Protein chains: 2
Amino acid sequence: MKTMTKSKGATALPLNTILSGDCIDAMNSLPENSIDLIFADPPYNLQLKGDLHRPDNSKVDAVDDEWDQFSSFAAYDKFTREWLTAARRLLKPNGAIWVIGSYHNVFRMGAELQNQGYWILNDVVWRKSNPMPNFRGKRFTNAHETMIWASKSEGAKYTFNYEALKALNEGVQMRSDWVLPICTGHERLKDENGDKAHPTQKPESLLHRVLVGSTNPGDVVLDPFFGTGTTGAVAKMLGRDFIGIEREAAYRKVAEKRLANTRKFDREALQVSASKRAEPRVPFGQLVERGMLRPGENLYSINGRHKVKVRADGTLIGDDVKGSIHQVGAHLEGAPSCNGWTYWSYKQDGKKVPIDVLRQQIRAEMAERPN
Amino acid sequence: MKTMTKSKGATALPLNTILSGDCIDAMNSLPENSIDLIFADPPYNLQLKGDLHRPDNSKVDAVDDEWDQFSSFAAYDKFTREWLTAARRLLKPNGAIWVIGSYHNVFRMGAELQNQGYWILNDVVWRKSNPMPNFRGKRFTNAHETMIWASKSEGAKYTFNYEALKALNEGVQMRSDWVLPICTGHERLKDENGDKAHPTQKPESLLHRVLVGSTNPGDVVLDPFFGTGTTGAVAKMLGRDFIGIEREAAYRKVAEKRLANTRKFDREALQVSASKRAEPRVPFGQLVERGMLRPGENLYSINGRHKVKVRADGTLIGDDVKGSIHQVGAHLEGAPSCNGWTYWSYKQDGKKVPIDVLRQQIRAEMAERPN
DNA sequence: TTAAAATTTGAATCACCCG
DNA sequence: GCGGGTGATTCAAATTTTA
């Protein structure tokens, strides 16, 4: 499945592969403005002091790997500054980034994102339904992690599949707090000894929501701290291309095997609920041109308080106002704006019918006979 | 109720009073190592641009007060550095601080806390049960704010009333995410015109949990951004002493009146703080995200007459229909409504199993570990 | 008087295309 | 790049009004 396509000038993107080595060097080897989304789960700089034991004296298998050790905040900040700089260079102008962390590192990442000109869109809380309890009763159960979602710069046109996320949430808009279980059971990858292959493997459900919400099929997703490849696996399932970067050979090996066993969902399943904004624009005048409404015909406001006349050029005229369906509606309601399509009705057989019904008819025809 | 006690050397603490003026000057006028807990709700530096209207065209009453305006991140950082420095000087060696903020400012506060040698104990997420929605469908509903709880330094013996919090949480240890409603109704203070007295009044339930958890009766609690005095009111109710600092005379006036009407150990108010637990809603999309059902998988109607496919966003697609599990079921049966949970089954080992079984599984998980 | 329906409101970095 | 026109967009809870 490895591919080298979507070349940008002289350099091609190593799509659907895992690069080895230092993530900053690897990122700098890729062409600028070439990535749609970055998901980054960097070392958390945990600063654990000594071992932690449960009440039964069993030892907690803490994250004490060498890669998570930084000598100081300054060292961690330098690392953060460098990889975020490399990441920003890679992003397309309308690309975006997600970073995930805990209170140990997320404030430093968030501040650095802002310092570099990234524009924060949301912070999203992953609320774990089954976190590890606080065994000593000295603090609150650490039951969440924080993600930051940011565009490359202020004003960028980031991807946000609002309707798809709303559908995922059964018709209510998605909030900034996501309740999802941690990665356990069959999904949790094991090494040859049967121990967990990676200490902080993220659940696929988390990446599913991130990728459905902020990418489209065919987008290129980069994960500079690939680990055992959750980002790549979910990207592949969802029909996105991925690039992983991972320093540790053991993690790369587990990820390669995982990806080989991952299958893309079928095409139909990848279609998601689309926004109305994606529908083709229909000028109101077309209803008049097509004879669906006649010049001189009356339109009635949704609240029944206003009556206006259609003119031959597709504008409306009322007692003291004329203009487009939107302008006249806004003026009559004293509102800053008005969607004329849903505001006005015409009379058919004595009954009021919203003019939006006529727009639907035209759109249906367009779908049948494109052009 | 004003008192001047607990003198420290030559300087006495102005207990249970509201100091006027700039919070940094006021803090510097107080004796060092004298405060048990600081709760700080500083300006968030929202940087709002134009107006925002709801879909019904009503205008959102934005937080555009002069006190929330900063010229740059650098200016905001300088402000943060200065007040956190002054605050740290005031704290007793075993004292602690809480700060609250949103993604606009909380990362900068968190980083500065760490830089100054404060030791972060938890970040706590206030999940709002009734947040303002995202009206334009451009981002996730901003449904939470973040609090950081930190001791004066690493190794300090901070106060944590584990058992009291566990009791507040129906016998389960308190987690780092708190579901509480925003401040509305009778609790929301009004000015002479009947408008809200302060744009960002915090709910007493939030402060109740903070003060029960991290102070003891008789402790001195300082709030350098006192506003309309929620911290003071809850402190008084709980038998803690408070010191407030507030720049705006209008807020001080409202707070003084509020405090005069507040009584210690107000049973009724304590009841209010107990949060209601609602029946958990499980969106169908979560079954897809969690991998319990896979995009592309078939669902079968209870009568065996219909077969549809699951999509990645948790909607269904049939021959000529798509939508939620409920919408598609209703359409296929020609019914006005349909409970998709009981209407659809999936196949497991060749046998049809109602999807409601999967919902029961998730509900069971949630019931095991409530909140 | 009571229940139901309608209205109000909340720390918000909240369009996009075309000429 | 700028200005103007089109037209898409909300959830929970408290309060007020209507039936």
Side-chain angles (χ1 to χ4, degrees), chain A residues 114 118-123 149-151 154-155 157-158 160 162-163 166 169 171-176 275-285 314-315 323-330 335-344 355-356 359, chain B residues 41-65 67-70 73 100-106 126 128-146 179 181-188 190 194-196 198-203 225 227 276 278 281:
Chain A
Q114 292 177 313
Y118 287 97
W119 193 247
I120 298 182
L121 300 167
N122 278 110
D123 60 334
W149 174 41
S151 60
E154 185 181 357
K157 292 188 190 104
Y158 55 91
F160 184 55
Y162 176 77
E163 292 294 341
K166 191 173 171 179
N169 200 31
V172 182
Q173 66 176 205
M174 191 70 81
R175 301 168 35 121
S176 60
S275 161
K276 278 188 194 168
R277 283 181 256 253
E279 302 264 327
R281 206 176 70 85
V282 177
F284 175 74
T315 58
S324 72
I325 53 173
H326 314 296
Q327 290 167 331
V328 173
S337 70
C338 171
N339 183 344
W341 290 106
T342 52
Y343 182 75
W344 297 108
I355 59 173
D356 205 28
R359 183 170 64 159
Chain B
D41 181 12
Y44 287 11
N45 188 24
L46 286 190
Q47 313 169 57
L48 302 178
K49 302 282 192 309
D51 287 343
L52 178 64
H53 292 89
R54 298 185 182 81
D56 66 2
N57 275 324
S58 62
K59 185 161 171 273
V60 173
D61 186 16
V63 178
D64 54 3
D65 305 72
W67 49 254
D68 198 45
Q69 308 300 322
F70 293 83
F73 281 133
I100 183 167
S102 66
Y103 65 82
H104 307 84
N105 70 325
V106 77
W126 169 27
K128 303 179 183 181
S129 54
N130 50 347
M132 185 163 78
N134 186 287
F135 296 114
R136 312 306 284 266
K138 304 312 292 181
R139 301 183 178 191
F140 298 97
T141 311
N142 219 327
H144 75 274
E145 292 185 28
T146 301
V179 180
I182 60 176
C183 184
T184 60
H186 288 116
E187 192 186 324
R188 189 84 196 217
K190 304 289 193 295
D195 298 324
K196 58 190 177 196
H198 192 284
T200 69
Q201 186 183 340
K202 296 293 174 290
F225 306 96
K276 292 173 277 184
R281 193 177 63 90

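Every value quoted in this text rests on a predicted model; they were computed, and no experiment measured them. Labels below follow one simple rule: chain letters A, B, ... track the order of the sequence lines, proteins then strands, and each chain is numbered from 1.
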Point to revise | Sugar-phosphate only, base, or nothing, as touched by A:Cys338 at under 4.0 Å among non-hydrogen atoms | key: base

Exercise for review: Could you pull out all residues at least two apart from B:His104 that satisfy ring-ring contact (aromatic ring centres under 6.0 Å, His included)?
Suggested key: none

Check your understanding: According to the Watson-Crick and G-U wobble definition with distances under 3.5 Å, which dot-bracket string, read 5' to 3', encodes DNA chain D, using [ ] for crossing pairs and | for pairs with another strand?
Key -> .|||||....|||||||||

Practice item. List for me each residue that meets ring-ring contact (aromatic ring centres under 6.0 Å, His included) alongside A:Tyr158, sequence neighbours excluded, and say none if there are none. Key: A:Trp149

Exercise for review: Take the protein atom CG of B:Asn130 and the nucleotide atom P of D:dA13, then report the distance between them rounded to whole Å.
Suggested key: 6 Å

Check your understanding: Which residues satisfy the ring-ring contact (aromatic ring centres under 6.0 Å, His included) test with B:Phe70, sequence neighbours excluded?
Key -> B:Tyr76, B:Phe79

**Study point:** 5' to 3' contact window, DNA chain C with chain B (heavy-atom distance under 4.0 Å)
**Key:** C:dT9 to C:dC16

Review point. If you take atom types as modelled and just measure distance, does the side chain of A:Ser337 reach the base of D:dA8 with a donor-acceptor pair under 3.5 Å?
Key: yes

Exercise for review: Classify the glycosidic conformation of D:dT10 as syn or anti, calling it syn when the angle lies within 90° of 0.
Suggested key: anti

Practice item. Enumerate the residue pairs fulfilling side-chain hydrogen bond (donor to acceptor under 3.5 Å, both in side chains) with a member in residues 128-138 of chain B, sequence neighbours excluded, ordered by first and then second residue. Key: B:Lys128-B:Glu145

**Study point:** Spacing between A:Phe284 atom CZ and D:dG7 atom C1', to the nearest angstrom
**Key:** 14 Å

Review point. Under the salt bridge (charged side-chain N to carboxylate O under 4.0 Å, His left out) test, which residues partner B:Lys49, sequence neighbours left out?
Key: A:Glu154

**Study point:** Below 4.0 Å: OP1/OP2 of D:dT6 and any side-chain N or O of A:His326
**Key:** no

Check your understanding: Is any side-chain N or O of A:Arg359 closer than 4.0 Å to OP1 or OP2 of D:dA8?
Key -> yes

Exercise for review: For B:Pro131, report the nucleic acid contact type (base, sugar-phosphate, nothing); a contact means any heavy atom under 4.0 Å.
Suggested key: base

Exercise for review: Would you kindly give the CG-to-P distance between B:Asp56 and D:dC11, to the nearest whole Å?
Suggested key: 13 Å

Revision key, fill the gap. Atom NE2 of B:His53 and atom C1' of D:dG7 are separated, to the nearest Å, by 15 Å

Exercise for review: Name the residue closer to the 5' end of DNA chain C, choosing between B:Val63 and B:Asn134 according to the nucleotide with the nearest heavy atom.
Suggested key: B:Val63

Study note, to complete from the structure: Hits for salt bridge (charged side-chain N to carboxylate O under 4.0 Å, His left out) against B:Arg139, two or more places apart or cross-chain, chain-then-number order -> none

Give every pair of a protein N or O atom and an N or O atom of nucleotides 15-17 of chain D that lie under 3.5 Å apart, one pair per line with the distance.
residue: D:dT15; atom: OP1; partner: B:His186; partner atom: N; Å: 3.2

Review point. So what does A:Ile325 hit on the nucleic acid, given a heavy-atom distance under 4.0 Å: a base, only sugar-phosphate, or nothing?
Key: nothing

**Study point:** Interface with DNA chain D, restricted to residues 44-52 of chain B and to heavy atoms under 4.0 Å
**Key:** none

Check your understanding: Can you name the residues that form a side chain to side chain contact (heavy atoms under 4.5 Å, CB included) with A:Ala335, not counting sequence neighbours?
Key -> A:Glu333, B:Asn57

Check your understanding: Quick one: A:Phe160 CZ to D:dT9 C1', roughly how many Å, whole number?
Key -> 13 Å

Review point. Does any residue of residues 136-146 of chain B have a heavy atom under 4.0 Å from DNA chain C, and if so, which ones, in number order?
Key: B:Arg136, B:Lys138, B:Arg139, B:Asn142, B:Glu145

Review point. Given atom OH of A:Tyr343 and atom P of D:dT6, what is their separation to the nearest angstrom?
Key: 16 Å

